[in-house]
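Here's the structure we're looking at; comments come further down.
To find a chain, count down the sequence lines: A is the first, B the second, and so on, and within it residues start at 1. Because only heavy atoms are used, hydrogens play no part in the values below, and waters and symmetry mates are left out as well, while side chains stay in. Values in this document were obtained by computation on a predicted structure and should not be read as measured data.
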Amino acid sequence: MSAFDDIFKLALERGFYFPSCEIYSDTNAGFWEYGPNGVKIKNKFLDLWRRELVRRDGMLEIDGTQIMSKSVFLASGHLKNFSDPVVKCIKCKSSFRADKLIQDQAGIEVPERLQNDKVDLLIKENNIKCPNCNGEFSTSERFNMMFKVEIGPNHDEAFLRPETCQSIFVDFPRIFKVSRGRLPLGIAQVGKSFRNEISPRQGLLRLREFYQAEIEIFCNPNKLDDLPKFEDIKNTILRIYDKQQLVEITATDALEKGILPNKLVAYYLSLLVEFFNKTGISNKRTRLRRLSDDEKAFYSSIAFDLEVDTSFGWLELVACNYRSDYDLMSHSNTSKTNLYVMDDDVKVLPHVFELSLGVDRCIYSILEHSYFIDKEKEDRILLKLKPYLSPIQAGILPLLKKDEFKKKSMNLLSLINKDFDVFYDESGSIGRRYRRLEEIGVPFAFTIDHQTIDDDTVTIRYRDSMNQERIKISDVKSFLALHLSID
RNA sequence: GCGACGGUCGUCCAGUUUGGUCUAGGACAUCAGAUUGCCAAUCUGGUAACCCGGGUUCAAAUCCCGGCCGUCGCACCA
């Protein structure tokens, strides 16, 4: 059984995530729900992201709408780049851009918005055949990854955003102004994005509706090395993969050797790495992969992917793109809005460095890297989640199902359940209850036993070591606060 | 989207070849009770499923058709 199967089974059995609308048979692939435990991990993961990136760097967070107007995507290039007519050979199944074929074989210029039936007619009239096998073509289809929606009684065209960052770009001028922003300025956002993937697969790894946590750093392109806060991360170790080679190198050395282009990129990649070091994803199984020119997105001049090693191989978790002024320039032109800002008395159109994180993939990776089977102890399954990411932080377990034990348990529960995610369980043997807790990653269990009745102390049982020690009930709150702290 | 294979309690599996005691069975999980009392104990009892729609038939989990979903491969993945 693969690690993916183990996690998938655990996710279904313990309510981390599961297919959307699963009681109906017409549910579509690529849509998944987070159950109670999944939501708690996701929220805690995002809290960590905010702590280590947004607050640490003084970024501003916004929450934009998921439906955005057509003009946004005219400017962003999404409409243009994803409305190509595609035909498929019936015989050999190869796919081709229909407009390219018609141009190549018949020399006819095909207008971009030509309707599908007209495209099909052109193919028929000009007797265009598959260049591979000379086979016939199917009727043409348009692949646009964006979901179209209709607004109001006139069915005005709008779209579900295929990436959250467009909100940040279009909101930039107001935020910069009203927040009295200064370059470099990070604007962050967590939210849903939507892509109509052709074949979504593998649970949370490829979704049609998914969470992104994106950061756009707006900067002065002439000051990419003028960054005093670089000192904070100059010794951060980065694992950079380029041209089939992995180097482990400090941020400073990476700059000096020209592996990273400037201090701004080095700084934010370092913050990102320091954040991931706190997620429980094994540092040795991550890398910053430099993308080659033919892999990069059309808007990107420098691109690194933060990747993690999983049972599927290397998986992209964060796309880090230097988007230059591509976005602000095109939004400025399309909307006819001035997006220049003042930086030290000089007017600049800011450049953008982006850290675009796929939340769902991160959650999966954290689960996979936390999953252990303890062969010594009857194959006990445990999720060694960081305590601050665990969906439940402590279990409260009466050793006996007797009234005085239950009463003490309830007292402890009400003492801490507003500040922490805790779970009370009296069902089954004490060993079984410990196992149930560690399977969802609960790091601590407090057991109310005979001695509790005498002296108001409880047993703490640790998930990873299975060790036990005693603590006063009055100290439980501070114990948790201490052991759930991040640094 | 194409091709191959598959879809049965929460999970894993038996049953489908050859339609009929299948009123769908087991294990684990779960719930209740008893017993026990610090690492998945035992006993008793319970809850719980044939992916959806249509067809063939006296009779469909089983055969046929369509759809949906899943795994793998191809293609796609700004």
_Interatomic distance at C1', B:rG37 relative to B:rG45, whole Å_ = 23 Å
Between B:rC12 and B:rG19, how far is it from one P atom to the other, in whole Å?
-> 29 Å
| query | When rounded to the nearest Å, what value does the distance between P atoms of B:rG15 and B:rC22 take? | reply | 15 Å
Exercise for review: Taking atom types as modelled, find out whether A:Asp449 and A:Thr452 have a side-chain donor-acceptor pair closer than 3.5 angstrom.
Suggested key: yes
Which of A:Leu412, A:Asn411, A:Leu399 passes side-chain contact (heavy atoms from CB on, under 4.5 Å) with A:Ile448? It is A:Leu412
- request: Report which part of the nucleic acid A:Asn28 touches: base, sugar-phosphate, or nothing (heavy-atom distance under 4.0 Å, all strands).
  value: sugar-phosphate
Winner on side-chain proximity to A:Glu13, out of B:rG10, B:rC69, B:rA40, is B:rG10
Among B:rA40, B:rC2, B:rA78, the one nearest any side-chain atom of A:Arg201 is B:rC2
*asked:* Do A:Tyr434 and A:Glu438 pair up side chain to side chain, a donor and an acceptor below 3.5 Å, judged on atom types alone?
replied: no
Mate of B:rC39 across any strand shown (Watson-Crick or G-U wobble, both atom pairs under 3.5 Å) is none
Practice problem: For B:rU16 versus B:rG25, give the span between their C1' atoms, rounded off to a whole number of Å. | Solution: 15 Å
Taken to the nearest whole Å, CZ/A:Arg208 to C1'/B:rG1 is 11 Å
Is A:Lys192 positioned over the aromatic face of A:Phe210, cation under 6.0 angstrom from the ring centre and no more than 45 degrees off axis?
-> no
Report task. Measure distances between side-chain N and O atoms of A:Gln468 and base N and O atoms of B:rC38, and say whether any donor-acceptor pair falls under 3.5 Å. Result -> yes
B:rU8 and B:rC52, which share atom name P, separated by this distance in whole Å: 11 Å
